[in-house]
Structures are given as C-alpha cells and as structure tokens.
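Take a look at the structure below.
These values consider heavy atoms only, across backbone and side chains, with no hydrogens, waters or symmetry-generated copies.
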Amino acid sequence: MLRLRAFRPTSDKVVKIQLHPTHPWLVTADANDRVSVWDWEHRQVIYELKAGGVDERRLVGAKLEKLAEGDDSKGKPTEAIRGGSVKQVSFYDDDVRFWQHWRNCSAAAEAPTAVSQQSSTISAPAPSTRGRHFVVICCENKVIFLDLVTMRGRDVPKQELDNRSLLCMEFLSRSSSSDAPLVAFGSSDGVIRVLSMLTWKLVRRYTGGHKGAIACLMTYMSAAGEVHLVSGGSAGLLILWSADHIHDSRELVPKISMKAHDGGVVAVELSRVMGSAPQLITIGADKTLAIWDTVTFKEIRRIKPVPKLACHSVASWCHPRAPNLDILTCVKDSHIWAIEHPTYSALTRPLCELSSLVPPQVLAQHKKLRVYCMVAHPLQPHLVATGTNIGIILSEFDPRALPAIAPLPTPTGNKEHSAVYIVERELKLLNFQLSNTANPSLGNAGVASDTGRLRNESIEQLVVKQTKKHISTPAPHDSYSVLSVSSSGKYVAIVWPDIPSFAVYKASDWSVVDSGTGKLFAWDTCRDRYALVETALAPRMPLIVKGGSSKKAKEAAAAAAQAAAAAASAASAATVQVRILLDDGTAHVLQRSIDGRSEPVIGLHGGALLGVTYRTSRRISPLTATAISTVQSMPLSGFGGSGSSFASDDPFSSKEGPPQNFQLYSWETYQPVSGLLAQPEWTVWDQTVEYCAFAYQQYIVISSLRPQFRYLGDVSIPFATGAVWHRRQLFVATPTTIECVFVDAGVAAIDIETKKRKEEMKAREAQGRAVAEHGDLALITVEAPQVVRLASFQHAPSIPPFIVPKQSKLDGDDSVFQKELDDRRYAEVAVAGGGVSVAVTRFPPEQKRPIGPLVVVGVRDGVLWLVDRYMCAHALSLSHPGIRCRCLAAYGDPVSAVKWATRLGREHHDDLAQFMLGMGYATEALHLPGISKRLEFDLAMQSNDLKRALACLLTMSNSRDVGQETAAADATDVTQILNLAVAKQAKQESLSDAVQGIVKFVKEFFDLIDAADATGQADIAREVLKRLAAAASVKGALHGQMLRGLALRLANHGELTRLSGLVTNLIAAGHGREAAFAAAVLGDNALMEKAWEDTGMLAEAVLHAQAHGRPSLRNLVIAWNKMLQKELDHTPTVKTDAAAAFLASLEDPKLTSLGETEKKPPIEILPPGMPPLSAPPIVIKKSGTKPGLPNAAQASNGPIGAPMVQGATAPQGTQMVQGAPIAQGAPGAQGVPMNQSAAPPSQGTDEAKPSEATASDAATPAAEVAAAPSSEEAKATPGSEEATAAPGTEEAAAAPVTDAASNTDPAAAPAPAADINSAGASGVTPVEAATSAPSTETPEATDKPSSTEASPAPPPPPPTYESVV
C-alpha cells in the first residue's frame, strides 16, 4: 500500500520540484541552483544545467549556432548572463495546458450554480507548443525556456521585463486559438508582467496591487466560468485579478485584495470540493494554513498544521484509500502531513515517515532527513514527490485503491443509470445518463462541425447529465470502504477493511440484511450468496504522538505490538464461511467453514468459483516492518489502520513474483477445483460465466470456462486496477490508461495450417503497423487477445517538431500555419459514396482519461461509463467505426458489424476481417467490401465457399486464362497471321507470369483441391489441376513433393493426358522418383524404366525389370555395372613432382610372374537368380595352376557333387554333372528356380574378354573376395555407393554361397556372398576368411528355398570345345 516508487540521491538539498502530468518526468532545482530533469520511471537523467551561473555547454552551443547561421553580431548572447537564484521550475507543453484547463473547469463545475453540467470531455484549448516540451526555469535575472525535444533553449533576460527580478511564474489560459502561449511573472516590485512565448515580448502588466514582492501566482476558474489570476505577496496580501481580458493590452488593476497572512504568502493552491465551489488554500510565513471560499472570498478555516514549524509546500489531495484526507503539506521534518476534513475537524496527522522508505545506507547516522519541497502528481494522486536533503523521494500510496462506488443494474429500456456510493457516513445514489440535446447522434463518425474545434479531438463531446440523491440509511463508519453488488443487483455489500466491519444492504429499501466484523468478502456471480471471513475485533492501536517522551513512545510501541499479536492470532483462527440470501431478504449460513488449508486466509475473490488466498511464510525485511508499523499506528480514520492491508502479503513488496497461495473452490461442494495458483491482485468473471480474467502486477491472464477451463492468453497491461466484461470484451482501467481487450472465440475448429498462416500474417502485419502507427495499438503476441487503447492522459502530438517554423515567426503568419494544421486534420475524415463520412484512421485517437482512480461501470447506451474519485460519471465514446465494428462482433452481432464497416476506410477492412475470423465469423467477414484477395481466399476456405476461393486464387496468381485451350481460327490473311503471332508472344509472356503466380500460391492450390475433394466438388478441383499441370510443364517451376502430390491428384481425377506430359517434364527436371511414381500411376512399365534410367537410378530400374521379367534386364544390368565400375575406378590423383616421378621410373618393376599383369576382373552385381554376365572360357589351356592363384587349384579339386557358387561357371577341367545343385540363397523376384534352358551368357561383353577368361577368373566376385583378400576389391571401404545403390532390394542381402576355399568339405555351412565392399582388410588370410564367413547373418528369406536346396545348374559349355583335364 505504501512503498518507495523511485529514489534519486543528491549531494545538495532539493528546494524546488515539479512533476509532468503525462510523462514520467520530474524537474528539480537544488540549493546550488543546479536544475535537472529526471525520468523517474526509467531512472535516467534527461538534462542537467547550472542555471544560477553561466552554463558553458549552452553558451558554446549558442555561439556555434550563431556562426552556422552567419550571424556576426558582437552582442553578448543571453546564455552568457548569470541566472542568479532559481525561484521556480516548471514544465510547459500541450499536456500541461490541457490538464491545467481541465482541473480548473472540473473544479468549477462542482458548484451547484455552475453554468453547465459536467461534460465527460472538456473542450481543450488549441495546441500551441507544436509538439515541443518546454522546461521553464525562472531565475532572478532571466527565464530559460528549454525544449526537451530539440534541446534548444531560449533565454529571456529581465531587461525584456522592465529589468525587475523575477520571483514566480504562472501560465495563462487563453480562449483565442491564434494567440500565443502567455506566461505571467511576478516581480520584486509588485507588478505582474505577461510575456508572449511567440514574440518573446512583454504584452501586458498587472499593476497597483502589491506593495512588496510577489511570491506566488495561480490561475483558476470560478463557478461562473470566469478565469482569475491569484497572486500572493511578501507583505501577506492575496489579490485577485481578471485573466479573461486577454486582448486588452492596457494595464490591469486588481478585482479583490485581502490580507491573508501576517508574514508573506508562501504558496497558494486550488482545492476541488465535492458538491460546492472550488476553494483556495494558502500557507504563510506565520505558520498557518488558511482556506478561502472563491465565491464570497471569505476565510473558511485557519489552522496551524504543525506547531512551531512553518509549511513550505501544500497540495490538494484526493485519494480513495484515505477518503477523509484532503490536503497534504510539508514542513522541514521527515514527514508528509495530511489534514483531515479541513473545513470540519481539521486534524493534522503524519501520512508517512519518509526515512522509513529510503534505503538505510543512504541516511547517515548523524544526519536527519528533512523535506524542503513537496508536490502531488496532478493526474495520479497516489504519487507524491518530495525534495529532501538527501535526494528526491517519489512515494506511492496504494495505486489499486478504487472509489467507494458500485454501479447498479439498469432496468430494461431505461436510459438513466445509477450507482450507489458512500461519502462521510452517508449512502448516496448517483444517477447519470447522456444528455440527449448535447448528443444528437451517437452514430456519427465523430466529426466536429465547427472549424475552430480541434480535429484530432474528433471524438464527439459526450455531455453527461447527472444528479446525486441522498439515501436515508446512514453508514456506520467514515473510513475507507469497498462496495460490491450481488449478481441479481438486489443487494449491496459494504466492507470497511480498516475497522474491520461489513454490512449487506437490500437495494430496494436500503435495509441492512446482514452485518458483522470482517474485512474479507466475496460475491458469487451466479446466485445471491457470498463468502466471508469473520474476525474478532482487534484492539485499537494508540497513536504515537510526535515529540512525545521516550517513555510514552515505548509504551505505545508495546501496546501496538500487543495489538498486532492479538490481531494475528484472531486472523489465524478465522475460517471462510458461505452464506446465502433468501427471497425474503434473510441471510442463511450455508457452510460454517470451508475445509481448506491450515494457513490463515488473507484474501477472498468472488466469481463463478470462490478464490481463497492463504498467507505464505515469507520473511519481512526490517525496512518493510518499519513502514508497516508507521502506517498501522495511525488512527482508524487515517491512512491505514489496525486492519491495514499493507503487510508482507502485498505483491508490490515481493521481488520474486506473486506467491503460489491461491486456490479456487466450488460454491456448490466447497471442495477445491484447482491446485495452488499464483495469487492475483483481483479477479473478474463474465456475467455469462464464459470468461474470467486474473490480474497480476505486469499482466492479465484470460481464460475461457466453457466447454472446459482453458488458458487463452495473457495481455501485457501492467498495474491494472479494475475491469469489467462485456461479452468477449474486457474493458480495463490502469492508473494512466483505459484499454479494451478483445478475446478471440478460440473454440472454432480452424485447421492447423490456416491457423499457423494466420499467426504468421498477424506477426507480419503487426510489424508493419508498428512502424506505420506507433503507439496507437498494442498487439499481443499470444493467439487470442487484441488490445486497443481507448483513453490516456497524453495529448496527441500535433506536428513533429522537426518541421516547426522558426521561433521568430510573427503573429500574423501564425494564422496561415493554423490553417495548414486544420487542413491536415480535416483529411482524417474522407467521404465515401453516398455522402457517408468515412473514418480513415484504423482506431480513434485516444480520448482523455479522467483524472485519478476510476471504477469501470461498463458499456451502456453504446458508450463506456466510468466514475471517478469525486463521484462524477464520465462517458467514453465507442462510436468510431473501427471500435464499434469490433464491439459488435465481439458482442455476437456480426451482421451489424459489417453494416458499420461501410463507415470505415476500406484499407482497414482486412484488419477487421481478421478480427471477425478470430471471433468465428468467417462467412460474415466475406461481406466486407474492402478485404484483400489473399484474405478473401482464407475466409472463403473457412466458410467453405470454394467457388469464391477459386476466383480469388486465379486473380492472385494471374492464371485465369491458363489451361484454356482455344483453337486458332483459320488464318488466311497476312494480318490475321501477324495478329496470331503477336497474340502467341503475349500469351507466352502472360504464361510465364501465371506460372510464377501459381508457384507462389502452390500450397493454396493444393489446399483448394483437397477441400474440393472432401466436399465432392470435382469441377473446382479439375480447374485447379489444369493450372497446376500447366505450371508443372515448365522446367524447374515445381519441386519434388509438390510434383508427386500433383501426380497423385491428376491420377485421382483421371487426368491421364496431363499426367503423361508431367512425367516427361519430371524426367527432364531430374526427379526420377516422382517420374516413376507418375508412370506407375499411368501403368506404363517402359516409362517407369525410362524415368529411372534417364535420371541415373539404375538399381531401381534393374530390380523393376527383373521383377516383371522385362527383356531390357540384361542391358540395364550391364549399364548399372558399368556405372559402378566407373565409380570404383575413380581413385584420387596424388600430386608428384618431376624428380619423384623420375626416381620411381628407375625402380625395377616388382613383377614375379606374368599372371599379375592381368587386369582386375570387372564388377558384377546381379539381381538374385540372374546368371553372370561373364561367359564361359573359350580358350584351351594346359593343366596346372598358376603360382599366384592357389585358391583356383583348390577349387578345381573339389568333389563332383559339391554345390557351386551361384552364377559361377564350372572350372575348366571339371566334368559337369547334370543336376548339380547351385548354392542359391535368394531366387529371383518371382520365387521360381532358374530355367534350365536359359541361354548361356554371351562372351562379347567388355566384362568377359577372352584374354581374361582363365579358370581363375571364372569365380564370382564374391568368391574372389573370400579367396583372395589381398586383391584390390577387398580393400574397398564399406559404405560406398555400390553397397547402398539399392537399399532394401534383394541383392543387398546377396545369396549365400559356399566359399571356394572350403569346397573340399561337403558339409560346409553356407556363407552370404558379401558384395565387393564388405570384405575385411587386406591382411586377412584365406583360412580366416573361410572360417569367419559362416558367422555372418543369414538373409531374411523365409519363403525361399534354402541355400543347400538343389536347383538346376546352368547348361554345359558349347560342345565345340573339349574340356582338358
């Protein structure tokens, strides 16, 4: 509740301080006249300068600027003048002007005799600073106007102002838009001089009032609407001047003069009083504070806030957490003092002890904290800044506290709305409605008719008519209270957490139906029942009187500790009970206690489920404990109290995030329905029990409750204070803004691809929009919510500062400038056909948020209602088409949303359509006239309007004429032929464009085909296939997966002609697999083989040819083995120099026999069951073995009946036995043994030349690998391409063969025929190879003959050659 928001240590005491109303800026001046502008939110110093003397940086900058402009004048620049003592610092820009005007008008409108009813938005003065932000420093000898945007300054010496010392200043409001900003300076001679900020000349004087110096100035507006200037002098006089005669340049005389204080008047402040005319507060050197009536100018009250000390600062204050404290003041001690009911009791008490807020290490032991200046934030009353002797302290007082008001439900058809509120022990009723005379149309686009009206204030001026009625039932307490209404609206509950006490009233007659002690209370949103925690009344804590003796202080501290202990024990014993209100108005206890956790309950949250917060054990730092004890030691009517909610459970004091101590319970069974969740600051549930929102410090979590509890997303809205649901809209109030969160439906069955595309588009659009309209919209990255800022404090910048005219521009030219400004603003509204005014902005400009904490009432009569701390109702317009369309769609009325969209610029229809799609209204969004084709396609797909989707796709891809075969006319005339040639060329060009378009949207084309197939719309699918086939006919347009998908869809629709054309293109593009796939769909085996052969996929071609008994098998195998041989023979070249080559040539060749000069045998990898390509030998050789090939001799000695290696011819010299079995591990694809009458292999191939056909070469490569591991083939690396040419095919698991080295053993186990790459290293001996062979895995062929099964042998060699033994 009370915390340090920001702290900046300084070496000197800070004596002047001022806060900017809308930016987080704070300007200070210290005792050494050093001025600094500090950004308290980001903890950065924006600007610093030494105002008392001569600031060297500014002087050098001014001289350089003069040189750049060619100004050679020798005069002394104004920057070289010593400023002297700093008397006042202030900000000045459009925001400051507007909120000063707003404050004056709203204070004047409180009076019963006020001229007009309170308007929701006060007509603003025209902007005059043109986007610049001035910090104005009033020194004795000059005034410095420094622009924080351009960092350029303007110094006005006192010589321009009659050479009098300047002591104070105030900015004057003007009614004429062409007039420049005026600033009034109080001087040492008692004269007020007015300076124009356009011409920098003196325009007027106020004389004849003060005898001595003027100490303070302030403007205010009377109840009659007149603007007055008030001045306080060092002689104690308070003088009233008229500030309305702004065009009268003669010297003005005072209206009223009165003696205010015995010493000088130190400061004057305006106080807004609820229900009466504004009052003036003055403090003087005589240590008193006086309150004056602005109607009669009589003194109402005079008090001495702090005995023996004079006040140096005063501020009007209105905070809902301390409803009785109206004035803050400071003296030179360490407190901020608050004055309670200044016109009645006028008790003064310390609001807070500042030394407990600052870090202990900052405050030295011997040094006491002293406050020298204080200011309350003009728009956020929970922020109070103080300048001290150790630095700047920005304190924050419970920013989440809301006004004590609760809206009541409006009867159907009634235009007047009501809310109940409590003020000073009185219940009152606030009735409010829109004034019909002032709001002729709620449906216009917000265009103001008069030319003088500000165009970016184009939101209509909603005038509110409101009355306040007294309720006869009094309230028992006047401290801080929280009001809430039951779901039916029949009952109102009021809780006073500081007492603690609660009461439930019946709204019909305001009788009390239930009451008790307790501060935790929560309503059920479905029935009139509530949960509460009743607590025993803790003893009241005594107030520690300032300046009391140490003994009294010790006693008070002991009593406070005892009271705190008693309160803690009472709280730990309290339980949550549930009561229901029956129809007769009596309260009935449903459940005495909810059996939950053992920890004490510290919070209840109402809704469709009951949320209970438990206290978690967390250590409290000594610093926090001091602050707690300070706040809790105040009396009940003060800030805080015995039951103060400021304790260790405050989320602001937690650095590690909200604790997991929150649990949801069912109202029916009183059982927990969730685990422990993070503790929210507040919860809000939809009336239809469909959505709920949990608010945390930095974000709001939104969940849907039906059909099941589901997290929808979170929105980054920090420090939210309250919200209200309106179907799928959540209107959120924060201390500075009003936001509207639109929640997606989230339940529509959107297919995954479309959803992903939508998110990608959203991200791209959000990025583009962030550049185009920065600051207008906050789009979240989660899928569901979209946030629109409806209102904020900041004034929209009128013109970027870099195109501002030179400051020396004269008054006459300003009207031209104003005309350009108006023209630019008129352009914000266009006129559509039929004379309908169309808003060209996507969202309306931000409206002005009312000052202070707000209660969000909700949407009624098409406007958003808010109530502020002064119990004043405000209406925010929702009539801008960009907002109205979204609100209607979110509310469930998409037809009206589409009708309203005609008033929205067409360039924003895409965005609106995306929004409606998210809400589940794709069909209705198709009726928006301005949507883009891309989005129209998505919407048509969503709403299953495939004809429209096809039309969009053809337009987007520019392919409307593709695939339409038009027969050329019989051209006989030369001109016709020429025209045809030109048309053909144009068609070629358009075809290339169309192909590019089809490729760009190929995924959308496929989605459309699938959607058409799913709904049986074959004609649409065929139209799309025509275009895709035309694009696929262009080489390189489409790629693998797309081509395969297209082939499948063409076959599915019987488009075989286009499919055959597609195959040829696939082959040309090198997509062998896709081409073969398409050929397979066509059933053309020759085309399949051609596809594989032409794209180098020979392994697949060989297998296919063998499986189908194709005659092309042999040629394919030969081509495949040639390819493998080329890949094997490709050895990397080794670089050698000439000397190495010469020495190598001198070495003797290491040849031991002629047999080693033979070439390596060719590679033969065959499909299972195919005879070898190498023919039987045809040369007769004498018997004997070659010395280099011992295994060949062993092979020739094998027994006659031994099984032969598959595919090997019989060795020369062995008698062929008919029927000798062949070791065959895997037969052909057909699974039948080889035919006996198979033709012998021809001998004319390259792989079996006669010179190589020796007996030793007749063995298969597999036998060579096992028998001669020293050969080069055995050294090939495993894993090379030959081994994996056709993975998964049968030859990869080659047939087991009996090793040639072990042929002497008839019972040898079969060994798989390793391919040429699977042999071991060259060092393996033949015996090792033979013994290790049987250990390899057997092929997975369960339905094939075993390897030892007899099968017919190949025919014997031709009879012309005799076998010689």
May I have the step-by-step check of side-chain contact (heavy atoms from CB on, under 4.5 Å) for F432 and E416, ending in yes or no? CA-CA 6 Å; F432 53 93; E416 188 175 57; over 6 Å; no

Got a donor-acceptor contact below 3.5 angstrom from the [X] side chain to the [Y] backbone?
{"X": "E681", "Y": "A695", "value": "no"}
{"X": "T902", "Y": "K899", "value": "yes"}
{"X": "N958", "Y": "A994", "value": "no"}
{"X": "R906", "Y": "I931", "value": "no"}
{"X": "H23", "Y": "Q794", "value": "no"}
{"X": "R727", "Y": "L730", "value": "no"}
{"X": "R849", "Y": "T734", "value": "yes"}

Assess whether side-chain contact (heavy atoms from CB on, under 4.5 Å) is satisfied between I700 and V741, documenting all intermediate values. CA-CA 10 Å; I700 297 174; V741 182; 5.9 Å; no

Residues D911, R886: salt bridge by 4.0 Å N-O rule: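 Answer for the salt bridge query: yes.
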
Note: R934-D938 ion pair, threshold 4.0 Å (strictly below):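 Here R934 pairs with D938 in a salt bridge, since their nearest N and O are under 4.0 Å apart.
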
For the residue pair H726 and Y891, does the interplanar ring angle fall in the parallel (under 30°), tilted (30 to 60°) or perpendicular (over 60°) class?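 The arrangement is parallel - the two ring planes meet at less than 30°.
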
Spacing of [X] atom [atom1] and [Y] atom [atom2] [to the nearest 0.5 Å]:
{"X": "F793", "Y": "L379", "atom1": "CZ", "atom2": "CG", "value": "4.5 Å"}
{"X": "K465", "Y": "Q433", "atom1": "NZ", "atom2": "CD", "value": "5.0 Å"}
{"X": "Q786", "Y": "Q914", "atom1": "CD", "atom2": "CD", "value": "10.0 Å"}
{"X": "L402", "Y": "L854", "atom1": "CG", "atom2": "CG", "value": "8.5 Å"}
{"X": "D1019", "Y": "K947", "atom1": "CG", "atom2": "NZ", "value": "6.5 Å"}
{"X": "S435", "Y": "Q466", "atom1": "OG", "atom2": "CD", "value": "11.5 Å"}

Would you say [X] and [Y] make side-chain contact, with heavy atoms under 4.5 Å?
{"X": "M916", "Y": "P894", "answer": "yes"}
{"X": "V859", "Y": "W865", "answer": "no"}
{"X": "Y696", "Y": "V701", "answer": "yes"}
{"X": "C692", "Y": "D686", "answer": "no"}
{"X": "I738", "Y": "F731", "answer": "no"}
{"X": "M941", "Y": "L1008", "answer": "yes"}
{"X": "I1009", "Y": "L1028", "answer": "yes"}
{"X": "R948", "Y": "L926", "answer": "yes"}

Suppose we screen for ring pair (Phe, Tyr, Trp, His ring centres under 6.0 Å). Which residues come up paired with [X], at least two apart in sequence or across chains?
{"X": "W682", "result": "none"}
{"X": "W685", "result": "none"}
{"X": "F915", "result": "F742"}

Is it true that T1015 and Q1017 share a donor-acceptor pair across their side chains at a distance under 3.5 Å?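 Yes - a donor-acceptor pair under 3.5 Å links their side chains.
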
Between R860 and T410, do the side chains contain a donor N or O and an acceptor N or O under 3.5 Å apart?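 A donor-acceptor contact under 3.5 Å links the two side chains.
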
Mind listing the closest non-hydrogen atom pair of [X] and [Y] along with its distance?
{"X": "A901", "Y": "C885", "value": "N-SG, 3.5 Å"}
{"X": "T923", "Y": "S943", "value": "OG1-CB, 3.2 Å"}
{"X": "A922", "Y": "Q942", "value": "CB-CB, 3.6 Å"}
{"X": "L939", "Y": "A913", "value": "CD1-CB, 4.0 Å"}
{"X": "F1005", "Y": "S957", "value": "CZ-OG, 3.5 Å"}

Under the side-chain contact (heavy atoms from CB on, under 4.5 Å) criterion, do V857 and L866 qualify, and how do the steps go? CA-CA 5 Å; V857 174; L866 311 162; over 6 Å; no

Is there a side chain to side chain donor-acceptor pair (under 3.5 Å) between N431 and H417 once you walk through the steps? CA-CA 6 Å; N431 295 318; H417 317 292; over 6 Å; no

Evaluate the side-chain contact (heavy atoms from CB on, under 4.5 Å) criterion for residues I702 and D714: first the C-alpha distance (whole Å), next the side-chain angles of each, then the deciding distance (0.1 Å), finally the verdict. CA-CA 6 Å; I702 296 175; D714 49 60; over 6 Å; no

Using a 6.0 Å distance limit plus a 45 degree cone around the ring axis, check whether R884 lies over the aromatic ring of W900.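 Yes.
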
Evaluate E739 against T737 for side chain to side chain donor-acceptor pair (under 3.5 Å), listing each step before the verdict. CA-CA 6 Å; E739 317 270 359; T737 61; 3.0 Å; yes

When V863 is tested against each of L462, L878, V464 for side-chain contact (heavy atoms from CB on, under 4.5 Å), which residue passes?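 In the set L462, L878, V464, the residue that makes a side-chain contact (heavy atoms from CB on, under 4.5 Å) with V863 is L462.
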
